Amino acid sequence: MKELLGLPVLASEHGQQVDNLIIYVHWLMIVLFVGWLAYFAYALFRFHKSRNPKADYIGVKNHASSYIEVAVAAVEGVLLIGVAVPLWAKAVDIPKGGDAVQVQVVGQQFNWHARYPGKDGKWGKQEMHFVNSTNTFGIDPSDPNGKDDVQLSLGEMHVVVNKPVVAYVSSRDVIHSFKVIAMRVTQDAIPGMRIPVWFKPTTVGHYQINCAQLCGNAHSAMSAGMMVVDTQEDFDKWLTAQPTVGGAGAQSFE
């Protein structure tokens, strides 16, 4: 069924539950489609004018349609309570502690920006009035905790395989939507809000980041974003090689 639906490549732990829900809903749709078509064909035959020359105003006397409606509602209830709600509960249960990769993601016409805490694991303070062309995240230049933060504006972010990733999603201008299809993750990026979303990558590779909201004339350029899933060793090497906010190679905020 997955191949028949043409579902995209899957690279996250919770993604299989998302795919299962999609498949179950499609099976229900197929059953309903075939069932209603069969009933329609039966009705055309059973109540054709040649078989019923005189109209009958009494109507159907049994309760078969009610039973079918109850059965359909019961199946939908099972999908909601047994699949969708547990999946939602897991999605909103943001991992706590230092094991997860923490990253801030900001959408902007027409690019994605990423920020990582430095070796101290602490974010530098942020203030809106510090936001400018070189300080996308509004990091306070006087806060020592922000000096070792890594800020990227290349539409690329790196994460670690088999390790939870907590992305804090926001926007600098209009409403965007952070969408990584392979991870089965979508979260609107709203100006003035920082919304957490998490997932656990399971396969090393490169995966496209899309914007799922029409955000302007060059909206399609947002699909140039790339998520790179590394091993822990490769991620550490990559992060170490990036210029920090207060280090050499970084643009000055002042």
Side-chain angles (χ1 to χ4, degrees), residues 1-31 75-107 112-114 116 152 155-171 175-190 194-213 215 219-220 222-235 238:
M1 187 64 173
K2 186 173 182 178
E3 291 75 16
L4 182 62
L5 292 176
L7 294 177
V9 62
L10 175 61
S12 70
E13 186 178 73
H14 80 281
Q16 188 57 57
Q17 292 176 279
V18 176
D19 286 358
N20 288 342
L21 180 59
I22 293 173
I23 292 171
Y24 297 153
V25 169
H26 274 78
W27 274 119
L28 177 61
M29 292 166 59
I30 290 171
V31 171
V75 173
E76 293 173 344
V78 170
L79 291 178
L80 176 64
I81 299 173
V83 182
V85 170
L87 180 58
W88 170 83
K90 183 177 181 179
V92 298
D93 186 18
I94 306 299
K96 304 290 192 302
D99 184 52
V101 175
Q102 307 283 333
V103 57
Q104 288 185 4
V105 179
V106 168
W112 295 103
H113 306 271
Y116 296 83
L152 305 172
E156 180 177 293
M157 60 180 292
H158 287 240
V159 296
V160 180
V161 68
N162 295 322
K163 194 171 185 177
V165 178
V166 180
Y168 298 92
V169 182
S170 186
S171 170
I175 295 177
H176 299 278
S177 186
F178 178 70
K179 184 180 185 70
V180 188
I181 297 174
M183 302 299 160
R184 305 299 191 265
V185 166
T186 304
Q187 176 58 59
D188 282 351
I190 303 174
R194 192 165 67 182
I195 306 172
V197 62
W198 80 281
F199 54 94
K200 181 187 284 188
T202 57
T203 307
V204 171
H206 292 65
Y207 305 99
Q208 187 179 50
I209 302 174
N210 295 281
C211 179
Q213 289 282 359
C215 58
H219 163 70
S220 59
M222 301 291 284
S223 62
M226 186 65 63
M227 175 177 289
V228 181
V229 179
D230 293 323
T231 63
Q232 184 68 62
E233 181 182 4
D234 289 340
F235 176 81
W238 169 83

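This structure is a prediction, so every number in the text was calculated from the model and none was measured.
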Novice: Check P196 against V166 and note the closest heavy-atom contact, atom names and distance.
Specialist: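 Scanning both residues, the minimum pair turns out to be CB-CG1, 4.5 Å.
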Novice: List the residues meeting ring pair (Phe, Tyr, Trp, His ring centres under 6.0 Å) with W238, not counting sequence neighbours, and say none if there are none.
Specialist: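 By the ring pair (Phe, Tyr, Trp, His ring centres under 6.0 Å) rule, W238 matches Y116, H158, F235.
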Novice: Carefully, step by step, assess L21 and Q17 under the rule side-chain contact (heavy atoms from CB on, under 4.5 Å).
Specialist: CA-CA 6 Å; L21 180 59; Q17 292 176 279; over 6 Å; no
Novice: The criterion is side chain to side chain contact (heavy atoms under 4.5 Å, CB included); which residues satisfy it with S170, sequence neighbours excluded?
Specialist: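 In terms of side chain to side chain contact (heavy atoms under 4.5 Å, CB included), with neighbours along the sequence ignored, S170 is linked to V106.
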Novice: For a 4.5 angstrom cut-off between non-hydrogen side-chain atoms, does F199 reach E13?
Specialist: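 Side-chain contact under 4.5 Å: no.
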Novice: Within the 4.5 Å heavy-atom criterion, are S171 and I190 side-chain neighbours or not?
Specialist: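 Side-chain contact under 4.5 Å: no.
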Novice: Rounded to the nearest 0.5 Å, what separation is found between the CG atom of D19 and the OH atom of Y24?
Specialist: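 D19 CG to Y24 OH: 10.5 Å, rounded to 0.5 Å.
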Novice: Main chain of Q213, side chain of H219: is a donor-acceptor contact present, judged purely on distance under 3.5 Å?
Specialist: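 Answer holds: yes.
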Novice: With a 4.5 Å cut-off on side-chain heavy atoms, are M226 and W112 touching?
Specialist: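 No, too far: nothing below the 4.5 Å cut-off.
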Novice: Do V229 and T203 have side chains that approach each other closer than 4.5 Å (heavy atoms only, starting at C-beta)?
Specialist: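 Sidechains of T203 and V229: no contact.
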Novice: For the atom pair CZ (F178) and OG1 (T186), what is the distance rounded to the nearest 0.5 Å?
Specialist: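 It is 9.5 Å, given to the nearest 0.5 Å.
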Novice: Going through the checks in order, is the side-chain contact (heavy atoms from CB on, under 4.5 Å) test met by V165 and V103?
Specialist: CA-CA 8 Å; V165 178; V103 57; 4.2 Å; yes
Novice: Got I181 and Q208 here, is their nearest side-chain heavy-atom distance under 4.5 Å?
Specialist: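 Counting from C-beta outward, I181 and Q208 never come under 4.5 Å.
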Novice: Which atoms form the tightest heavy-atom contact between V18 and R184, and what is the distance?
Specialist: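 V18 and R184 have their closest heavy atoms at CG2-CB, 4.1 Å.
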Novice: Can you give the donor-acceptor pairs under 3.5 Å from side chains of residues 5-12 to other protein atoms, not counting sequence neighbours?
Specialist:
from, atom 1, to, atom 2, distance (Å)
S12, OG, G15, N, 3.3
S12, OG, M183, O, 2.9

Novice: Are side-chain heavy atoms of L80 and V85 found at a separation under 4.5 Å?
Specialist: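 When only atoms from C-beta onward are counted, V85 and L80 do touch, with a gap below 4.5 Å.
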Novice: With side-chain contact (heavy atoms from CB on, under 4.5 Å) as the test, would you mind laying out the steps for W198 and K90 before giving the verdict?
Specialist: CA-CA 10 Å; W198 80 281; K90 183 177 181 179; 4.1 Å; yes
Novice: Which pair of non-hydrogen atoms, one from V228 and one from H206, has the smallest distance, and what is that distance?
Specialist: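 Taking every non-hydrogen atom into account, CG2-CD2, 3.5 Å.
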Novice: Determine, stepwise, if the pair T202 / N162 fulfils side-chain contact (heavy atoms from CB on, under 4.5 Å).
Specialist: CA-CA 5 Å; T202 57; N162 295 322; 4.2 Å; yes
